[in-house]
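Because the structure is predicted, anything quoted here is derived from the model rather than measured.
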Protein chains: 2
Amino acid sequence: MATTPIDVLTLRRGCAHCTLQQLCLPAGIGREELERLDEIVKRKRPVEVGERLFRQGDGMDSVFVARDGAFKTVLVSEDGEEQVIGFHLPGELIGLDALGSGEHRCEAVALTRANVCEVPFDDLSGVAARIPGLQRQLMRVIGQSVGRDQDHREILVRRQASERIALFLHGLSERFEKIGQAADRLRLPMSREDIARFLGLALETVSRGFTRLQEDGVIAVHGRKVEILDMDELQRLAHGAEGDAPPKKGARSG
Amino acid sequence: MATTPIDVLTLRRGCAHCTLQQLCLPAGIGREELERLDEIVKRKRPVEVGERLFRQGDGMDSVFVARDGAFKTVLVSEDGEEQVIGFHLPGELIGLDALGSGEHRCEAVALTRANVCEVPFDDLSGVAARIPGLQRQLMRVIGQSVGRDQDHREILVRRQASERIALFLHGLSERFEKIGQAADRLRLPMSREDIARFLGLALETVSRGFTRLQEDGVIAVHGRKVEILDMDELQRLAHGAEGDAPPKKGARSG
DNA sequence: CGTGATGTTGAATAATATCAAAATTCGTGG
DNA sequence: CCACGAATTTTGATATTATTCAACATCACG
């Protein structure tokens, strides 16, 4: 437990044997093309908590994908305040924010120790140009990234803290499920403060929100471990339903 | 004043003579290429207030650019609530939200009568593939679009209504200036309600915010006409400065 | 078993939403 | 040019909600 030894085999094996295959760039790409992709993908030593993949102003040399662990992307304003603009789970591309300008507008910070794949963007574009499937995958992944940004905005326009929090947890749950983890037993990789800066709320408000959800029997909280007890209700709350009349009492059927 | 006759000449002339030339897709494209672009650009009859360019779920057939007038893009949730996710001034591409999925996630509504150019996306991709300059322009414009989304998020994470409003006005001012209109005399094309739904605030809060800014001598408000009297102060307010110690007193010089 | 970081809780304060009404603007037609 | 009505905007009073400052609890880790 104390040490997570680097799985050298996994490192060598490449995309073809990665558990994220179906979620990451390689999804739906043929065997040969996969090998070409493998050639340009760099697998790096584990990244430690707090390490950065890139900083604001860096050129967009590579895009990154975590095979495990988690990252946050943050915007640091002139006065040093940190604004969290996204969280990244395994299989979700990191670093596309520089697509427009060629320069990163944010920085990517590791929330946990993580193993990441680095894909040099020039090479990727080159390979993608010759592999229609990869080109399509790239667009798909970019689209997903834009979609997550939209989700974030949909969270932020909500005026009630409870809605934002419910929306956040529900969205995270969906994403965990997508990468093969339990949707109802989340181990949050980020602090309450990170969540607060992501939701545009005070840290204490987030904490209280969690407590409230627990009191209402929607979730169970143990620090960063969150168990979702009533997914339907969580979703209801995420869409403006007040604490008024949850169709409880032997809930989901009638 | 009562009638704005359709300028047939302008309609015929095409991109080469459009006043938006340097801001729109054609910027920096050679004469011949411009003609090829012209061939695929459709110029439509004026769009009336409230008309939609596309709706949620529509396929991304075209992208649009207003030559004059203004649009909003809105997200309509299941329960019929409207969320404003963007405003579009002349020269700003509309309809890129569908890039990822191929389907529009939002709908584009005319805020004023407007003349728009429609660019069929398939054709555009085709032409762009053969014109490196256009390809680059397209990326630039997409990047700008993503940038405006980021700006919106940066507005929404602000916790003070006054900051959001200041940020909104300041950003709008910059964009007006970019299209050759006075930066300090804005004719807002959108209602207070639209602004509220864009900023994630109650309509009344927006109104009060405007009034407050007027009382503080930062702007002058006459309905939808807003004059910016102290741009520096507006910018200061946009970045968390309280009403504490504005370096006022014979303001702008010292 | 301390110790610093992280998370929770409480009380007072400040900000915003909500409900209601008045004022203004704008388009339209006389 | 003026008057009218509908829609928009502003303003007021009040209730809700979130923030802030502070203390306390808990967790992770050495």
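Shown here is B:R52, whose CZ atom has more than 12 heavy atoms of other residues, nucleotides or ligands within 6.0 Å.
Per the geometry, CG belonging to B:L111 stands 16 Å off P belonging to C:dC26, to the nearest Å. Distance, A:R164 CZ to D:dA18 C1': 10 Å, rounded to whole Å. Straight-line distance from the CZ atom of B:R158 to the P atom of D:dT19: 15 Å, rounded to whole Å. Atom CD in A:E163 sits about 15 Å away from atom C1' in C:dT16, given to the nearest Å. Between the CG atom of B:L201 and the C1' atom of D:dT10 there is a distance of 16 Å, given to the nearest Å. Between A:L199 atom CG and D:dA18 atom P the separation is 12 Å, expressed in whole Å. Going from atom CD of A:Q214 over to atom C1' of D:dT26 covers 14 Å, rounded to whole Å. Rounded to whole Å, atom C1' of D:dT10 lies 15 Å from atom CG of B:L213.
The minimum heavy-atom distance linking B:T112 with B:P189 is given by the pair CG2-CB, 4.1 Å.
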| remark: In B/S/- notation (B base, S sugar-phosphate only, - none; protein heavy atoms under 4.0 Å), nucleotides 6-13 of chain C written 5' to 3' is SSBBBB--
| message | Apply ring pair (Phe, Tyr, Trp, His ring centres under 6.0 Å) to residues B:F198 and B:H152 and explain how you reach the verdict. | response | CA-CA 8 Å; B:F198 181 73; B:H152 189 197; 3.9 Å; yes
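Judged by distance alone, the side chain of B:T205 and the main-chain N or O of B:L201 form no donor-acceptor pair under 3.5 Å. For the pair A:E51 (side chain) and A:E48 (backbone), a donor-acceptor distance under 3.5 Å is present.
Of the candidates A:R105, A:H88, A:E107, A:H88 is the only one forming a side-chain hydrogen bond (donor to acceptor under 3.5 Å, both in side chains) with A:T73.
Contact check, B:R159 against C:dT16: no side-chain N or O comes under 4.0 Å of OP1 or OP2.
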